[in-house]
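Quick notes on the structure that follows.
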Number of protein chains: 2
Amino acid sequence: MKSPNAILWQGCPARYAAGIFGDKWCFLILRDVLLHGKRSYSDFLNSPEGISTNILADRLSKLEAAGMLDRQVDPRKASRVCYFPTRKARNVLPALISMMVWSTQYDEHTEAPDSFAKAFKADPSGTIAWYEADIDRVDRDILSQS
Amino acid sequence: MKSPNAILWQGCPARYAAGIFGDKWCFLILRDVLLHGKRSYSDFLNSPEGISTNILADRLSKLEAAGMLDRQVDPRKASRVCYFPTRKARNVLPALISMMVWSTQYDEHTEAPDSFAKAFKADPSGTIAWYEADIDRVDRDILSQS
DNA sequence: AAATATATCTTGCAATATGCAAGTGTAATG
DNA sequence: CATTACACTTGCATATTGCAAGATATATTT
């Protein structure tokens, strides 16, 4: 039974965001699906951070339950599954890129070129549009082959 | 001994961000210090989410080690400690508010008024400046009483 | 001065999360 | 028809987390 004083991770916008981003593995899966064109279980598994299989399965189902990922059988190969970013996930791009710009400013070992932060600061919505177009391209390539 | 293949949570900007924000308690402490004017251990402790004391002590020291909080004895009362947000933490405001705006859009139980997202979308840098001024006010009030 | 209160941590321990290895079921491939 | 690829699932040892309680140090009240 749930305590009457239990805090639902809703209501406060920071708390709601923390409920989804306050987990490093969810965070990195969102990076991969939004920025690196990754769509399949094995794509995520092969990211350099080395997520383990049970954790990956758990986070994929959590992100699907949260309405961030749309799980579909790959039209090119029925034994493969694709996880497409939903509109809700796509709309995270401004915040995600904002955080990454901040990181490049403070991580002394950053691998990101200066041009990354520059491009976003100069033209935020244009930069977002560029990433969205990339997502569209990846998804279209997959779905056109059904 | 550290494995030679260990991933340092540096280099990739998303990974660096995940190293700090990929923890819900750090996330909420940053909300409190940047948006709610909280500065002391007991301020954070009394947030509605109910962080426990060991976790709070741990996260405060991690955020201090990460250069996000500046720990200082309260000039008004030597037995009290203040945690001030550093410039590095302040510069997280655009990303944090971006995430919160996203939350208000998708959390059906959001408590945030529409005006919050509207204000930020209409004038992002003005909104940030408003929050920074609030931080300045809180910090000045404390430090002027030494 | 003694008792009480406030503020900031520590410690102990149980619950939870994680990582690794191995196994399962289904579908394509040779 | 055996093999491989893919997407998980399971079991289990280890690591991390979180709650409750205790500790310490100063400040306030009586």
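Within every chain, numbering begins at 1; the chains are lettered A, B, ... in the order of the sequence lines, protein sequences first and strands thereafter.
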Rounded distance (Å) that lies between atom P of dT8(C) and atom CD of Gln72(B): 14 Å
Rounding to an integer number of Å, can you tell me how far Tyr41(B) OH sits from dA27(D) C1'? 18 Å
Can you find a side chain N or O atom of Arg59(A) that sits less than 4.0 Å from OP1 or OP2 on dT18(C)? yes
N/O donor-acceptor pair, side chain Thr53(B) with base dA23(D), under 3.5 angstrom: no
May I ask you to decide if the ring planes of Tyr16(A) and Trp102(B) are parallel, tilted or perpendicular, using 30° and 60° as cut-offs? tilted
When you measure from the side-chain N and O atoms of Trp25(B) to the phosphate of dT16(D), is any distance below 4.0 Å, counting only OP1 and OP2? no
Hey, are Arg90(B) and Asp136(B) close enough for a salt bridge, meaning a charged N less than 4.0 Å from a carboxylate O? yes
Taking any heavy-atom pair under 4.0 Å as a contact, classify Ser79(B): base, sugar-phosphate, or nothing. sugar-phosphate
Distance under 6.0 Å and angle within 45° of ring axis: Lys24(B) vs Trp9(A): yes
Any side-chain N or O of Ser52(B) less than 4.0 Å from the OP1 or OP2 oxygen of dG18(D)? no
Between P of dA20(D) and CG of Leu56(B), the distance in whole Å: 15 Å
Residues forming a salt bridge (Lys or Arg N to Asp or Glu O under 4.0 Å) with Asp123(A), sequence neighbours excluded: none
Would you mind reading off the distance between Arg76(B) atom CZ and dT6(C) atom P, rounded to a whole angstrom? 16 Å
Just the rounded figure in Å: distance from C1' of dA7(D) to CG of Leu60(A). 10 Å
dC20(C) P sits how many Å from Leu45(A) CG, rounded? 11 Å
Under 4.0 angstrom, heavy atoms only, what part of the nucleic acid is Phe44(B) near: base, sugar-phosphate, or nothing? nothing
If you assign Lys62(A) and Ala78(A) each to the DNA chain C nucleotide with the nearest heavy atom, which residue ends up on the more 5' nucleotide? Lys62(A)
Ile55(B) side-chain proximity, nearest of dC8(D), dC20(C), dT17(D): dT17(D)
Can you tell which of dC8(D), dA27(D), dC6(D) lies closest to the side chain of Lys77(B)? dA27(D)
Separation of dT17(D) P from Ile51(B) CD1 (nearest whole Å): 12 Å
Salt-bridge criterion met for Asp43(A) and Arg39(A) (N-O under 4.0 Å): no
Under 4.0 angstrom, heavy atoms only, what part of the nucleic acid is Asn54(A) near: base, sugar-phosphate, or nothing? base
note: Arg71(B), atom CZ; dC9(C), atom C1'; distance rounded to Å ~ 9 Å
